[in-house]
Amino acid sequence: MSVSRTACDGRGFVTHLLPAAKARRMFLQLRAEVEDALANALTTLDLPAEDLGIEEPPEDVDAVLASSVAFRLAGEVGTAPPNVAGDIADAIDADDLTYVSDVTTQGPYVNFLPSEAYFAETLQSVTEDGFGRLPDRDTSVVVEHTSANPTGPVHVGRARNPIIGDAVARVLDYAGYDVDRHYYVNDAGRQIAVFTWAYETFDEADLPEPERESPEYEMVRYYRKGNTVLEDGDPDEVEDVEAEIQSILQGLEDGDEETYERVAEVVDTVLGGMQTTLGRLPAEFDEFVKETRFMRNGDTDDLVDRLKELDCAVYEEDAWQLDLSDFEKNLVFLRSDGTSLYTTRDLAHHEWKFENYDRAVTVLGEDHKLQADQLDAALGLLGNDTDQLRQVFYSWVNLPEGGMSTREGTGIDLDDLLDEAIDRAREEVESRLDDRTRGDLDADDIDRIARQVGIGAVRYDIVSKQPTKGITFEWDRALDFEAQSAPYVQYVHARCCGILGDVEADIPEEPALGPLSEPEERDLLRELARFPAVIEAAADDLTPHTVATYTRDLAETFNAFYRECPVLDADDETRAARLALVDGTRTTIANALDALGVEAPTSM
RNA sequence: GGGCGUGUGGCCUAGUGGACCAGGGCGAGGGGUUCCUAACCCCUAGAACGCGGGUUCGAAUCCCGCCACGCCCGCCA
């Protein structure tokens, strides 16, 4: 992690380093060059150049980029695709290109082969600490994620949110955005009123022992007991309780300071505990934005007034609502008792985001999809540019026997999962101690590795999958340390560190490409060169899992190099060049894992 | 009932129009360390890409229908 921290510190000077920063992104440079050359060739041939058909060829092809455009133009030209491909290749003079050495055809495909300059500049750029970071875009983006109701311990069912959200924020940061992470705190909902009443009512002596000595575990006992009373209590009692809950909600709505203080005590206490758990992932936030903020400052009232003015605003059954044509269901924004709803406040919240940021991303469970779409539509009607707002949806993690619920106390606590992960990782480390050939580990090392590997495995397991796919939680699957997991990738980083450990001083400042002619060396360079483009695509599409896929591919490519190419025992020139390659792999793995929020151990 | 999402070897997963007659992993079987960490590598077996139509020179990928699973359709959040 230290590597990327250094890179982070250097960001402020990015504008002064433009030439160097430019050279860091060889693949993107090459792609731009290819796009340009291809478009010119097509224009010269009097062919349409809208769709260039540029793609990455399969592994057994030497080209770095290719075009399948000849397929589509064949009909227009009136000849077979391979002939069209030949004409296109002939129309491009590779001598005019820097990073392309040759343009060839293979059947209908036009292939672009990388030049020595491409490899040489890649080798140079990968050893720079900030490799993979794109230039500052001068664009701020707020990533809102997690935003779980502060009612109790964070459980695994919702653990996907902080892990995906934090990775999205990190990837955007790498891609050059100015990122803030927000947790939107629901401190005005009914369940918080229930919680506040329960906390003020029950005696701790009547509650079960907490599962952990931590605020949210102690507090959730009141919440669960409160819900039990509401469900099973005798009707008269429940009626009184409902009146109390109503008065708390009304107090918040009226901006009553005392009510706010009562609720805040509960919310802040629980949230503090949840923050500690989330911090273990780690998922940290720049700001916790409370829902009541937009009630207390008048924004929600102003918003309601503006909503009433909209053409689609209707007053039906004593409640104000929006009749949104694209939705079956009306969006109620003011209850018949005059109070606002969650979505009403969220509208005010989002307008506040738009005022303070250029873009906004929200990570939400799939159960919020309709609500998010209605929010989007309403924001548009209020005159906001909703193109700035994007959501990442994920589906819940369920147990084989069903869903997880804080209220019912069903589910696996995230703390338990992380503890178990660390315990199992520790067993793995200890079981391997006897076989080690390098670097004895002391107790602190074992602690560190167990934590990095255990938590890394949990994070990676979640962040490496497409969020929309459902996950059924199983211990052994979540805590698999073998191939295609975080430890597999982390191990490559540790290997690089192992090789470089005693010879750091021998890594050349300006490495020579000449000695690197083995296919495994060239494959590794090609793979390393892709990293900035991977970051760019992951940020554009908000798909951090593609970065995880990349780390696996890179680890595999390095392992092939490791098998075939001895580093420390090679002749001086080869050794120096390979050290640079190992150094570049170390940096790239560290940065790619950092973009995912997974630590990169220096030894394992 | 309507909307959204998912469906890839026994299990998990990548790929969402082109060189892929599908790439990994787990599990199964076999092999590899006098040599920079074997949390590794290599080999073998295993797939009608949910089913049926269609569009296209070309479909796991796009369109239509169907099936299965998940989520949503509250003056809850």
Side-chain angles (χ1 to χ4, degrees), chain A residues 53 55 57-61 63 66-72 74-75 80-81 106-109 111 147 149 151 186 188-192 291 316-321 327-330 332-343 346 365-371 373 393 395-396 398 403 425 428-429 431-432 435-439 449 453 457 461 464-466 468-472 474 476-477 480-492 494-503 545-546 548-549 552-553 555-556 559-560 562-563 565-570 578 582 603-604:
Chain A
E55 57 195 63
E59 281 174 30
D60 55 347
V61 174
S67 170
S68 60
V69 72
F71 278 115
R72 265 145 283 147
Q106 200 168 327
Y109 293 94
N111 286 336
S147 303
N149 295 337
T151 51
N186 168 14
R190 180 186 152 86
Q191 67 270 63
I192 294 303
E291 206 179 336
E316 287 176 7
E317 296 178 36
D318 299 329
W320 278 96
Q321 17 196 313
F327 300 89
E328 284 182 44
K329 188 188 85 156
N330 280 6
V332 177
F333 63 89
L334 202 61
R335 292 190 183 99
S336 51
D337 65 3
T339 59
S340 62
L341 291 91
Y342 174 85
T343 311
D346 206 19
E366 61 179 348
D367 52 330
H368 283 67
K369 192 134 201 319
L370 175 65
Q371 187 257 325
D373 288 344
F393 292 101
S395 69
W396 294 96
N398 288 316
E428 292 286 332
V429 181
S431 73
R432 289 163 213 273
D435 297 334
R436 291 185 69 83
T437 58
R438 170 186 286 272
I449 295 166
V453 167
D461 182 57
S464 63
K465 295 183 169 90
Q466 293 188 44
T468 45
K469 292 209 179 208
I471 295 181
T472 301
E474 288 164 44
D476 289 340
R477 198 184 291 162
D480 181 6
F481 297 144
E482 305 231 308
Q484 241 183 32
S485 66
Y488 175 75
V489 178
Q490 290 174 316
Y491 189 66
V492 166
R495 254 184 176 166
C496 291
C497 293
I499 293 171
L500 298 172
D502 302 324
V503 298
H545 79 273
T546 57
T549 304
R552 216 150 51 208
D553 292 342
E556 253 173 52
N559 280 330
Y562 180 85
R563 184 178 69 244
C565 304
V567 177
L568 297 177
D569 293 340
R578 287 180 178 168
V582 174
S603 63
M604 279 173 73

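Values reported hereafter were calculated over all heavy atoms of this structure, with side chains retained and with hydrogens, waters and symmetry mates removed. Lettering follows sequence order; numbering is per chain, from 1.
The ring-ring contact (aromatic ring centres under 6.0 Å, His included) test applied to A/Phe71 returns A/Tyr109, not counting sequence neighbours. For A/Tyr562, the side chain to side chain contact (heavy atoms under 4.5 Å, CB included) partners two or more places apart in sequence, or in a different chain, are A/Arg495, A/Ile499, A/Phe558. Residues meeting the side chain to side chain contact (heavy atoms under 4.5 Å, CB included) test with A/Gln484, sequence neighbours left out: A/Arg552. Among residues two or more places apart in sequence or in another chain, the side chain to side chain donor-acceptor pair (under 3.5 Å) test is passed with A/Asp373 by none. Considering only residues two or more places apart in sequence or on other chains, A/Ala548 meets the side chain to side chain contact (heavy atoms under 4.5 Å, CB included) condition with A/Tyr460, A/Ser464, A/Leu596. The salt bridge (Lys or Arg N to Asp or Glu O under 4.0 Å) test applied to A/Arg578 returns A/Glu521, not counting sequence neighbours. A/Glu474 meets the salt bridge (Lys or Arg N to Asp or Glu O under 4.0 Å) test with A/Arg477; sequence neighbours excluded. Partners of A/Ala560 according to the side chain to side chain contact (heavy atoms under 4.5 Å, CB included) rule, which considers only residues two or more places apart in sequence or in another chain, are A/Glu520, A/Arg563.
With the nearest nucleotide of RNA chain B identified for both A/Ala560 and A/Gln106, A/Gln106 has the one nearer the 5' end.
Side chain of A/Lys465, nearest nucleotide from B/U37, B/U13, B/C36: B/U13. Side-chain proximity of A/Tyr488 to the nucleotides B/G25, B/U13, B/C41 is greatest for B/C41.
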Sort me out a list of protein N/O and nucleotides 28-33 of chain B N/O pairs below 3.5 Å, or just none if empty.
none

Anything under 3.5 Å between a protein N or O and an N or O of nucleotides 20-22 of chain B, put it in a table, one pair a line.
none

Report each atom pair, protein N/O against N/O of nucleotides 57-62 of chain B, whose distance is under 3.5 angstrom.
none

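Here A/Asn111 lies in heavy-atom contact (under 4.0 Å) with a base. Within the nucleic acid shown, A/Gly107 has no heavy atom closer than 4.0 Å to any nucleic acid atom.
Pair check for B/G1 finds B/C73; Watson-Crick or G-U wobble, both atom distances under 3.5 Å. Shown here, B/C40 forms a base pair with B/G32; the pair counts as Watson-Crick or G-U wobble because both key distances fall under 3.5 Å. Remark: B/U16 base-pairs with no nucleotide in the shown strands. Criterion, Watson-Crick or G-U wobble with two distances under 3.5 Å.
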Per-nucleotide protein contact string for nucleotides 1-11 of chain B, where B marks a base within reach and S marks sugar-phosphate only (heavy atoms under 4.0 Å, - for neither):
-S-SSSS---S
